[in-house]
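One structure is given here, and the rest of the page talks about it.
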Amino acid sequence: MDATNFKQTKYNKPFIIQRADPYVYRHEDGTYLFTASVPAYDRIILRRSKTLDGLADAEETVIWKKHGRGIMSVHVWAPEIHFIEGKWFIYFAAGEKDDIWAIRPYILMCEGEDPIKNPWTEIGPMQASDDFSFQDFSLDMTVFENRGKWYCVWAEKISVGKKISNLYIAEMKSPVKLATAQVLLTTPEYDWERVDFWVNEGPAVVRHNGKLYLTYSASATGECYCIGMLSIDEEEELLDPRAWKKERYPVLKTDWEKGMFGPGHNSFTKSEDGADDIMIYHARQYDSIIGDPLYDPNRHTYRMRVEWDEQEKPVFDFKNNFETT
């Protein structure tokens, strides 16, 4: 598909072009760091800016490249950068050249103050505390803190009959090892989560007024890709799946009129003044894709302000998209 052959609207001008699975982290000094999947799936990049706007034109640095063979040699996907216990960590997924779908979560660590200039060390795969986590296609790992404990959420396929991608949660012992066995958080049970593939993936967490909201992506990566949501009170037991509420319908999906197709795999950050929650996500400007949507390079990064309704639930609407000022 010719990337110029699309309907231009006031909603679908990208924030950052050809960067999928975007992740923005705002550090304690107020600076923003950006990373994402690149179309070649062969490296991990970082951008830094004092402002969110500035990420659009910030210099992009390659901080790690795929291996020539073995693990981490193909399909480098969905990196996230976090600052935990005084160190930088990047969680990402990758496969093997001889088995390209042997996708597993891996970790890089940087002990220096500057994650762009200082060196990164390969830690290897995330360590499980059971014998069955990360034994099949596993990816899209995110981590977050709640009430003094750290938690990890990731997508993993099960291999009973048709392969299904579920989301699992576990408590963390350290930034590189889980403390508990996996708990099934959500499985694709609704029709909109089962288009072409049965998928729940791409988890992201935003906190508001004592509640945690966990968004996730569903279905295949084309026009049908969309965002669902779970929620829980931050005082509840996060490892109890019954304590989470799952929304019956997607909270963000394709809008033909606005020219936004297949929105998904988002992250959350804050505005410079801390007043607004900002959702960073990817989408396409068209639906007609030749070949596998996974290898179409034009999933661009977008951003929108999150609104909160009278019930204090997040509202995601393309009308709140905004580009660089």
Side-chain angles (χ1 to χ4, degrees), residues 18-21 23 35-45 62-80 89-109 120-143 152-170 176-178 181-182 184-185 187-188 193-203 216-222 225 264-265 282 289-297 299:
Q18 293 193 341
R19 292 295 178 262
D21 314 320
Y23 190 86
T35 188
S37 299
V38 302
Y41 299 146
D42 62 351
R43 61 195 184 272
I44 294 177
I45 57 90
V62 177
I63 59 99
W64 182 86
K65 294 181 179 180
K66 70 177 183 178
H67 291 188
R69 61 180 180 177
I71 63 171
M72 298 185 281
S73 60
V74 70
H75 284 160
V76 177
W77 287 346
E80 291 194 4
F89 294 89
I90 287 180
Y91 301 94
F92 68 102
E96 301 183 31
K97 183 173 291 186
D98 295 330
D99 187 359
I100 64 173
W101 302 115
I103 307 292
R104 300 292 187 274
Y106 297 97
I107 306 170
L108 304 178
M109 182 181 71
W120 287 82
T121 301
E122 293 180 6
I123 301 300
M126 172 62 81
Q127 300 174 45
S129 66
D130 53 49
D131 295 328
F132 40 89
S133 293
F134 317 129
Q135 296 303 302
D136 207 329
F137 186 101
S138 308
L139 74 169
D140 293 354
M141 180 172 289
T142 193
V143 302
C152 177
V153 181
W154 71 97
E156 184 167 349
K157 287 188 175 180
I158 57 174
S159 305
V160 179
K162 182 182 179 71
K163 281 200 171 185
I164 299 171
S165 177
N166 300 323
L167 284 184
Y168 296 91
I169 186 171
V176 301
K177 185 174 183 179
L178 303 184
Q182 62 169 243
L184 176 62
L185 195 56
T187 190
E193 301 174 295
R194 297 180 171 190
V195 181
D196 294 337
F197 297 103
W198 292 25
V199 173
N200 284 174
E201 65 181 16
Y216 64 93
S217 299
S219 290
T221 57
Y225 208 48
H265 204 120
H282 76 232
I289 300 169
I290 299 174
D292 189 336
L294 185 62
Y295 301 109
D296 176 273
R299 292 184 294 175

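Keep in mind it's a predicted model, so treat the numbers as computed, not measured.
We find that Arg69 and Asp98 are not joined by a salt bridge, their nearest charged nitrogen and carboxylate oxygen being 4.0 Å or further apart.
In this structure the side chain of Asn166 never reaches within 4.5 angstrom of the side chain of Glu156, judged on heavy atoms. In this structure, the side chains of Leu178 and Cys152 come closer than 4.5 Å at one or more pairs of heavy atoms. Proximity of Ile71 to Tyr106: side-chain heavy atoms (C-beta onward) are separated by under 4.5 Å at one or more points. A heavy-atom distance below 4.5 Å is not found between the side chains of Ile169 and Gln182. In this structure, the side chains of Ser217 and Tyr225 come closer than 4.5 Å at one or more pairs of heavy atoms. A 4.5 Å side-chain heavy-atom check between Ile63 and Arg43 finds every atom pair outside the cut-off. Two residues are said to be in side-chain contact when any heavy atoms from C-beta on lie closer than 4.5 Å; Ile103 and Trp77 meet this criterion. You'll find the side chain of Leu184 reaches within 4.5 Å of the side chain of Tyr168, heavy atoms only.
Smallest separation of non-hydrogen atoms from Ala181 and Ser129: N-OG, 3.4 Å.
Put simply, the side chain of Ser138 never gets that close to the backbone of Arg104: no donor and acceptor are under 3.5 Å apart. At least one donor-acceptor pair under 3.5 Å links the side chain of Ser219 to the backbone N or O of Val195. Ser73 places a side-chain N or O within donor-acceptor distance of the main-chain N or O of Gly70, the cut-off being under 3.5 Å. In this structure, the side chain of Arg19 does not engage the main chain of Thr35 through any donor-acceptor pair within 3.5 Å.
Every residue was checked against the salt bridge (Lys or Arg N to Asp or Glu O under 4.0 Å) condition with Glu201, not counting sequence neighbours, and none meets it. The ring pair (Phe, Tyr, Trp, His ring centres under 6.0 Å) search around Trp64 returns His67, Phe92, not counting sequence neighbours. Contacts of Phe134 classified as ring pair (Phe, Tyr, Trp, His ring centres under 6.0 Å), with partners at least two apart in sequence or in another chain: Trp154. Remark: Asp42 pairs with no residue by the salt bridge (Lys or Arg N to Asp or Glu O under 4.0 Å) rule, at least two apart or across chains. In terms of the ring pair (Phe, Tyr, Trp, His ring centres under 6.0 Å) criterion, Trp198 has no residue partners (sequence neighbours excluded). For the side-chain hydrogen bond (donor to acceptor under 3.5 Å, both in side chains) test, residues two or more places apart in sequence or in another chain that qualify with Glu80 are His82, Thr142.
Annotation: the span from Met109 atom CE to Thr121 atom OG1 amounts to 5.5 Å, rounded to 0.5 Å.
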**Request:** Kindly determine whether Arg299 and Asp21 satisfy side chain to side chain contact (heavy atoms under 4.5 Å, CB included), including the steps that lead there.
**Result:** CA-CA 9 Å; Arg299 292 184 294 175; Asp21 314 320; 4.3 Å; yes
**Working for side chain to side chain contact (heavy atoms under 4.5 Å, CB included), residues Leu108 and Phe89** = CA-CA 6 Å; Leu108 304 178; Phe89 294 89; over 6 Å; no
**Message:** Does Ser165 form a side chain to side chain donor-acceptor pair (under 3.5 Å) with Asn200? I'd like the steps, not just the answer.
**Reply:** CA-CA 6 Å; Ser165 177; Asn200 284 174; over 6 Å; no
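Within 6.0 Å of CG on Asp292 lie more than 12 heavy atoms contributed by other residues, nucleotides or ligands. At most 12 non-hydrogen atoms from other residues, nucleotides or ligands lie less than 6.0 angstrom from CZ of Phe197.
Among the candidates Val38, Val76, Val62, the single residue satisfying the side-chain contact (heavy atoms from CB on, under 4.5 Å) test with Ile44 is Val76. With Tyr216 as reference, Leu167 is the one residue of Val153, Leu167, Asp140 to meet the side-chain contact (heavy atoms from CB on, under 4.5 Å) rule.
Taking the six-membered ring where the residue is Trp, His265 and His282 present parallel rings, their angle staying beneath 30° rather than reaching 60°.
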